[in-house]
Novice: 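Take this structure first; my questions come after.
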Amino acid sequence: MDLDEVDRLWERHPAWRLLRARNAPLVLAFLGGRFIDENRGAVSAGELVSSLDDFLYAVHRLDPERYLADPATYLDDWAAPEAGWLRRFYPAASEEVHYEATPALERAYSWAQSLRSRAFVGTESRLQTAVELLRQIVHGSETDVDQRIAEIERRRAAIEVELAEAREGRFDTLDDTALRERYQQFATTARELLGDFREVEENFRVLDRSAREKIAGWEGGKGELLADLVSSRTDITASDQGRSFQAFYDLLLSEERQSELTDLLEAVQSLPQLAVDRRLRGVHHDWADAAERTQQTVRNLSEQLRRFLGDQVWVENRRVLDLVRTVEAAALAVRENPPRDVGLVVDQPGLPIALPFERPLYDPQPDVAVDSLPAPADLDAAELAGLLTQRFVDTERLAENVRAVVPLRTWVALDEIVTLYPVEEGIAEILGYLSLNSDSITVEITDEQMVIDYTDVGGVRRRVRMKKALVTRA
């Protein structure tokens with residue numbers, strides 16, 4: 001990179017502008033945690049304003065003079081064209097503004113995270129990965145049949161030797177250092193994949209926007225425009241980025257691969273040698289969500305083609321269409337430098353218009369007599385007996401059990417609590433533990449399994465098999 005290119009990036013790139021902003025810590029801490037760490041897509045303005053208000057409240061408790069602007073003002077500034085850290089838009093079939101993170105925010109947040117000091121930096125596993133990639137490049141591009149057969153036979157011989165040694169009980173396992181090194185590399189790659197999806201989605205959105213601009217300013221015939229749009233759609237699919245994304249998406253949607261990923265993640269999470277990140281337990285679901293958002297952007301371009309083909313106004317009312325496109329072309333012309341303090345500010349995205357004759361005439365409804373009392377003969381004595389024999393579960397007693405077992409700022413599995421305080425009220429007591437939710441006690445359901453044995457009210461031994469519940473004290 002030469003000086004001019006670096007100077008241009010320093011001045012124009014949104015990620016670099018974010019790092020130079022005075023409120024950069026607020027932007028990175030709030031938006032990075034909200035969108036990137038949680039892998040969130042589009043969020044409504046009301047929800048995001050509420051979250052930012054709570055975040056600022058926590059900040060003001062420590063420093064009342066810091067970040068004093070209104071939350072909505074901050075969001076408007078971050079989504080402005082001169083910032084470019086949030087994308088502001090109206091989703092289909094929604095009248096509320098939504099926000100989503102841009103690739104510039106992803107890059108700035110990743111750079112800030114890279115500044116953290118690391119107590120352990122692995123190199124051996126990355127060397128193994130680099131060698132394996134080179135091996136795939138060389139052997140994957142080989143066209144000589146004899147060379148391919150020789151390579152396959154070499155791998156088969158190595159596998160047979162390894163299999164023979166394993167049958168004799170001789171095999172090497174990874175030590176704790178190697179396990180931690182490979183898990184660190186997996187965690188880094190998993191998070192980078194989520195960031196790559198956001199950038200791929202933005203690239204597809206740029207192609208989608210260029211198609212919309214082309215439709216708005218087209219002056220030629222409809223057939224010529226349709227041929228150009230179909231070519232643009234083909235370019236998206238046939239590009240290196242499009243083919244790579246589609247291959248990843250097809251692989252991720254494979255039922256066999258999904259099951260394999262789930263089993264592998266559960267096995268890694270249970271290794272005692274690793275300090276695992278619990279957020280990575282369902283990272284394959286986060287990949288699927290991010291890929292689906294990217295796929296939706298590609299589908300939007302196809303929807304543009306469908307709408308364009310079904311646009312009969314092109315023939316029926318060419319004058320109205322020309323006026324609308326004139327307005328669209330004018331809006332595109334001033335997109336980079338919009339006029340300020342011009343026009344009116346309306347809270348609603350549109351004005352409802354209703355004609356007087358659209359109102360229905362008054363239609364009086366006849367009175368309906370409702371008799372909801374059952375006849376005395378319909379009462380079932382067994383049902384009343386079941387109602388009267390119901391037992392009461394004291395949730396305050398359950399909360400006291402939790403406080404006695406779980407230290408502050410830690411968590412304990414529910415089956416361990418039940419071992420110390422046996423169940424007295426049957427399955428209702430277990431449900432009572434799951435319903436605990438207060439400022440100091442929270443219950444989180446995981447993907448793992450646990451078994452709880454207890455004696456029922458009638459003295460019958462019962463066993464409950466359920467997903468593992470973790471009880472946490474704040």
Side-chain angles (χ1 to χ4, degrees), residues 33 37-39 113-114 116-129 132 162-163 165-194 256-288 401-423 430 433-434 436 440-454 463-474:
D37 287 344
E38 299 180 7
N39 187 34
Q113 285 185 318
S114 67
R116 289 177 172 177
S117 59
R118 293 182 293 174
F120 172 67
V121 179
T123 54
E124 182 264 340
S125 63
R126 285 188 290 175
L127 176 60
Q128 296 278 8
T129 302
E132 180 62 26
E162 185 178 358
L163 182 60
E165 292 180 350
R167 285 171 177 168
E168 297 176 0
R170 295 184 291 108
F171 50 85
D172 296 329
T173 59
L174 296 176
D175 57 17
D176 294 352
T177 302
L179 286 175
R180 287 194 295 269
E181 181 178 347
R182 282 157 176 77
Y183 182 77
Q184 184 186 75
Q185 185 177 1
F186 160 74
T188 303
T189 305
R191 295 191 184 95
E192 288 176 349
L193 265 178
L194 295 175
E256 180 181 356
R257 186 54 57 90
Q258 284 277 3
S259 301
E260 181 185 6
L261 281 173
T262 302
D263 295 340
L264 289 174
L265 287 171
E266 289 181 355
V268 169
Q269 294 286 329
S270 62
L271 290 176
Q273 301 95 324
L274 299 178
V276 296
D277 188 348
R278 296 174 62 185
R279 293 176 299 178
L280 296 178
R281 182 171 48 203
V283 69
H284 55 307
H285 299 305
D286 292 339
W287 290 341
N401 295 345
V402 171
R403 295 188 185 97
V405 174
V406 184
L408 289 174
R409 294 181 293 277
T410 57
W411 57 266
V412 174
L414 179 57
D415 52 352
E416 299 177 7
I417 299 177
V418 171
T419 302
L420 297 176
Y421 293 92
V423 175
I430 298 177
Y433 276 111
L434 298 179
L436 293 178
S440 59
I441 300 176
T442 56
V443 180
E444 179 184 359
I445 305 299
T446 67
D447 294 334
E448 302 176 16
Q449 298 289 326
M450 70 177 183
V451 175
I452 296 178
D453 295 321
Y454 68 94
R463 169 169 289 184
V464 176
R465 187 181 301 275
M466 58 182 288
K467 290 189 175 182
K468 192 169 186 177
L470 304 179
V471 183
T472 306
R473 284 189 63 192

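Computed from heavy atoms alone, side chains included, the values below leave out hydrogens, waters and symmetry copies. Just so you know, these numbers come straight off a predicted model, no measurement behind them.
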Novice: So which heavy atom on A469 is nearest to which on L434, and how close?
Specialist: CB-CD2, 3.8 Å
Novice: Could you please spell out the steps behind the side-chain contact (heavy atoms from CB on, under 4.5 Å) verdict for M450 and L414?
Specialist: CA-CA 9 Å; M450 70 177 183; L414 179 57; 3.8 Å; yes
Novice: Quick one: list whatever passes salt bridge (charged side-chain N to carboxylate O under 4.0 Å, His left out) with R403, sequence neighbours left out.
Specialist: E396, E400
Novice: Should W411 and T442 count as side-chain neighbours, where that means a heavy-atom distance under 4.5 Å?
Specialist: no
Novice: Mark yes when over 12 heavy atoms from residues, nucleotides or ligands other than E162 sit less than 6.0 Å from its CD; otherwise mark no.
Specialist: no
Novice: Hey, does the side chain of T446 reach the backbone of K468 with a donor-acceptor pair shorter than 3.5 angstrom?
Specialist: yes
Novice: Got a sec, which residues hit side-chain contact (heavy atoms from CB on, under 4.5 Å) with Q449, two or more places apart in sequence or on another chain?
Specialist: R465, K467
Novice: Looking only at heavy atoms, what is the nearest atom pair of M466 and I430, with distance?
Specialist: SD-CG2, 4.3 Å
Novice: Within a strict 4.5 Å, meaning less than it, do heavy atoms of the V412 and V471 side chains meet?
Specialist: no
Novice: Does some side-chain heavy atom of V464 sit less than 4.5 Å from a side-chain heavy atom of V451?
Specialist: no
Novice: Nearest 0.5 Å, what's the OG1-CD1 distance between T419 and I452?
Specialist: 8.0 Å
Novice: May I ask you to decide if V406's main-chain N or O and R473's side chain share a donor-acceptor pair within less than 3.5 Å?
Specialist: yes
Novice: Are V443 and L470 close enough that some pair of their side-chain heavy atoms sits under 4.5 Å apart?
Specialist: no
Novice: What I'd like to find out is whether the side chain of Y433 reaches to under 4.5 Å of the side chain of L436, using heavy atoms alone.
Specialist: yes
Novice: Within a strict 4.5 Å, meaning less than it, do heavy atoms of the T410 and T472 side chains meet?
Specialist: no
